[in-house]
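Reading through the structure tokens given below for one structure.
All heavy atoms count here, side chains included; hydrogens, waters and symmetry mates do not. First the proteins, then the strands, lettered A, B, ... as listed; each starts at 1. Owing to the predicted nature of the structure, the values given are computational and were not obtained by experimental measurement.
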Amino acid sequence: MLKEKLAACLREAVLEAQQQGELVTTTLPEITVEHPQNPEHGDFASGLPLKLARGMRMSPMAIAERIYEHVSPPSEFDKVMIASPGFINFNLRDDWLCGQVTSILETGESYGASLSGKGSRVQLEFVSVNPTGPLHVGHGRGAVLGSTLANVLSAAGYSVEKEYYVNDMGNQIDSFGRSLYARYQQCLGKEVAMLPNSYLGDYMIDLAKEIVQEQGDKFSLSLEGRGLGEGESPLRAEGEAISELAKIGLARIIQGIKEDLKLLNVDFDVWFSEKSLYRPDPEQSEGEGSQYHKAMALLQDGGYVAKKENATWFESTALGEDKDNVLLRSDGSPTYFASDIAYHYNKFLERRFSTVIDIWGADHQGHVPRMKAMLKALGVAPEHLKVIICQLVTLRRGKEMVKVSKRSGDIVTLRELIDEVGPDVCRLFFLSRSADSQMDFDIELAKKQSVDNPVYYVQYAYARIASILRLAKQQRIDYAQGDVSLLSTEPELTLIRRLILLPEIIEEVATTLEPHHLPYYAQDLATVFHSFYKQCRVISQDEELTKARLKLVRATQIVLARVLHLMGMTAPERM
RNA sequence: GCGCCUGUGGCUCAGUAGGAUAGAGCGCAGCCCUGCGGAGGCUGAGGUCGCGGGUUCGAAUCCCGCCAGGCGUACCA
């Protein structure tokens, strides 16, 4: 990349000046090169002289001048300037910029892709919402974040696998089953009270109705013992009925979640069942060999497991944690943490991902340190696990706060939102904020602004381009031989400067794991294009210029499509 | 109490490993269609970057202390 090239060239210049005794010999700091905010300061700038001034006991400007004497910029640049109070600025050559248009056209849709990931295998786990109810608006955030990140990482040369971890066992599933059983019986006309901690959402009633319709009353147990097999106790039969219902219900909810995600243009490569972690390896005898067993054996070998107060603990204090954590409750059942250990054992040691990215909500933030400790215990370097904590989404309707709870049943579903504003608006909205900042989602505002929205601004730019290209085609203009060196005005060159930012943006998002830079880039690119469009007539009497500009327009279309697709959004030909 | 995140114009948010006059969208006040899509372009008003110290040639950015909000601190997930 150009920044690295410039940094290297600056380093060389300083070393040369030092060798010739023009600058004091000091150890060099890391040389940074950036895009100045003000275009008058060039395309790239470095404040290196300012940093050297103290160690060299010279004025920054004097240092800048000495460096300037020795600097030989890469071929992409023509001008080097020094500016007060001690900056060195670089300018890209116009003909090089023009040439980039050709190179974008040649690269096509894959423009901006890189090999920097070197094919290393990354697993990205996100959403992973308990399948006890439909996704609500807040869940959309992780979904959009994760899927966009996956797109960008792929573009940056990583081999990415997207995974949804399905919590299909444990307390919540039990109470889901009991709630469904109660609703089911109510559907059959029985007076059954809802237990505490029940899932009270209407969707549970609908679910029960569907099951009654399709399967009748076969899961019901009447007082006369109908539905009981011979020698079967009512309690046990009821337990079985509940778990059968839970299984059916779960499958349906998961199906619904898949559909909702599909609407948002989110999909997964793997749906990983928590329960499967406890399944014995069929290859091995004795019922051993489950992922859970293997992980626990590792912890045990490391001496991190202890029995205390009837429960089994992971002694994370030995690894610098604040406190120990329970693995097996006193009733012998594994905790969520135990499952997560087995799960991450599986990710790292069985499936051998080199990097694992987990996207969690802020309510899981306290979980991070013990996960890192657990990895140490498993012998995995903790930095291979990257956890993105995504701050919570609070919902509002105007002034009124909406509490989201699946249990109480007051949910604004993701589906409702998508139906209302469309997937593209939804995606851009979630993407535009950094994961670190919590967001207030005003549903009223989202609906109101859905017409006057950055989404349409960017897509409009794309559609406008499509329209220009349609017209060109209609007039049978073949611009394949267009001469890009005719692009010379300020709006044209500014546009090119924006286009070639894409590779940097992809690289940045891939390393920082912060996809919120994409929407800002997209918007900026659209702005520069609209402005270019206003100032530069594309299809005109000047045939040669027309062809050159058509090339530029087509290149812009490629880049716009690329960003939109990275964000999981559509690029409409008309709107 | 302790830990993590946040606090930037009326509103919603950016601000790139400290850098040259703090940016955008929405809203507000104006201007621009005898040519390719006006879902557009251009101009303007509006900011003690929560508060107070410190480090530095230079701080929205780093350090410390306060204040405010969110989340966590379970043998819940």
Using the [atom1] atom as the reference point in each nucleotide, state the distance between [N] and [M] in Å, no decimals.
N: B/rG18; M: B/rC57; atom1: P; answer: 16 Å
N: B/rG46; M: B/rC11; atom1: C1'; answer: 13 Å
N: B/rC67; M: B/rG30; atom1: P; answer: 46 Å
N: B/rC33; M: B/rA39; atom1: P; answer: 16 Å
N: B/rU61; M: B/rG50; atom1: P; answer: 8 Å
N: B/rG25; M: B/rG15; atom1: C1'; answer: 15 Å
N: B/rU16; M: B/rA60; atom1: P; answer: 12 Å
N: B/rC5; M: B/rA45; atom1: C1'; answer: 34 Å

Measure from the side chain of [X], starting at C-beta and using heavy atoms only, and say which of [options] lies closest.
X: A/Thr32; options: B/rA17, B/rG19, B/rA14; answer: B/rA17
X: A/Leu50; options: B/rU73, B/rC57, B/rG40; answer: B/rC57
X: A/Val538; options: B/rG41, B/rA77, B/rC36; answer: B/rC36
X: A/Ile468; options: B/rC36, B/rG41, B/rA20; answer: B/rC36
X: A/Ser467; options: B/rC36, B/rC13, B/rG25; answer: B/rC36
X: A/Tyr520; options: B/rA14, B/rA77, B/rC36; answer: B/rA14
X: A/Glu30; options: B/rC36, B/rA17, B/rA77; answer: B/rA17
X: A/Ser531; options: B/rG19, B/rC42, B/rC36; answer: B/rC42
X: A/Asn167; options: B/rC5, B/rG41, B/rA77; answer: B/rA77
X: A/Pro36; options: B/rG35, B/rA20, B/rU56; answer: B/rA20

Answer yes or no on whether A/Arg370 is positioned over the face of A/Phe337, meaning its NZ or CZ is under 6.0 Å from the six-membered ring centre and within 45° of the axis.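 Geometry flag: set, cation within 6.0 Å and 45°.
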Whole-Å distance between [N] [atom2] and [X] [atom1]?
X: A/Arg141; N: B/rU6; atom1: CZ; atom2: C1'; value: 11 Å
X: A/Gln37; N: B/rG18; atom1: CD; atom2: P; value: 14 Å
X: A/Ile82; N: B/rG19; atom1: CD1; atom2: C1'; value: 17 Å
X: A/Glu508; N: B/rA14; atom1: CD; atom2: P; value: 14 Å
X: A/Leu545; N: B/rC36; atom1: CG; atom2: C1'; value: 13 Å
X: A/Arg433; N: B/rG70; atom1: CZ; atom2: C1'; value: 16 Å
X: A/Phe337; N: B/rA77; atom1: CZ; atom2: C1'; value: 13 Å
X: A/Asp363; N: B/rU73; atom1: CG; atom2: P; value: 9 Å

Scan [X] against the nucleic acid and name what it touches under 4.0 Å (heavy atoms): base, sugar-phosphate only, or nothing.
X: A/Arg574; result: base
X: A/Glu507; result: nothing
X: A/Gln523; result: sugar-phosphate
X: A/Ala463; result: base
X: A/Ala461; result: nothing
X: A/Ala472; result: nothing
X: A/Cys536; result: base
X: A/Arg370; result: base
X: A/His35; result: base
X: A/Asp174; result: nothing
X: A/Glu309; result: base
X: A/Ser333; result: nothing
X: A/Leu471; result: sugar-phosphate

Determine: side-chain N/O of [X] to OP1/OP2 of [N], distance under 4.0 Å, yes or no.
X: A/Tyr457; N: B/rG41; answer: yes
X: A/Arg470; N: B/rC36; answer: no
X: A/Ser339; N: B/rA77; answer: no
X: A/Asn171; N: B/rA77; answer: yes
X: A/Thr394; N: B/rC71; answer: no

When you match A/Ile389 and A/Tyr460 each to their closest nucleotide on RNA chain B, which lands nearer the 5' end? A/Ile389
Ranking A/Pro85 and A/His364 by the position along RNA chain B of their nearest nucleotide, the one closer to 5' is A/Pro85
Need the pair for B/rU73. Rule: Watson-Crick or G-U wobble, both distances under 3.5 Å, any strand; none if unpaired.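 Check on B/rU73: paired to B/rG1, both distances under 3.5 Å.
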Partner of B/rG7 under the Watson-Crick or G-U wobble criteria, both distances under 3.5 Å, comes out as B/rC67
[X] and [Y]: side chain donor to acceptor below 3.5 Å:
X: A/Asn325; Y: A/Ser316; result: yes
X: A/Arg537; Y: A/Thr546; result: no
X: A/Thr556; Y: A/Tyr462; result: no
X: A/Ser116; Y: A/Glu507; result: yes
X: A/Gln291; Y: A/Tyr278; result: no
X: A/Glu321; Y: A/Thr317; result: no
X: A/Thr132; Y: A/Asn130; result: no

Tell me whether A/Tyr533 is stacked on the nucleobase of B/rG40, counting only the six-membered base ring and applying the 5.5 Å and 30° thresholds.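 It does not: the two rings, one from A/Tyr533 and one from B/rG40, miss the stacking criterion.
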Using a 90° cut-off around 0 for syn, call B/rC33 syn or anti. syn
Could you go through A/Arg470 and A/Lys473, starting from their C-alpha distance and side-chain angles, then the distance that decides it, and tell me whether this counts as side chain to side chain contact (heavy atoms under 4.5 Å, CB included)? CA-CA 5 Å; A/Arg470 273 196 301 272; A/Lys473 197 173 175 187; 5.7 Å; no
Before giving the answer on salt bridge (Lys or Arg N to Asp or Glu O under 4.0 Å), spell out for A/Lys347 and A/Glu163 the whole-Å C-alpha distance, their side-chain angles and the decisive distance to 0.1 Å. CA-CA 11 Å; A/Lys347 292 186 187 195; A/Glu163 186 155 309; 5.5 Å; no
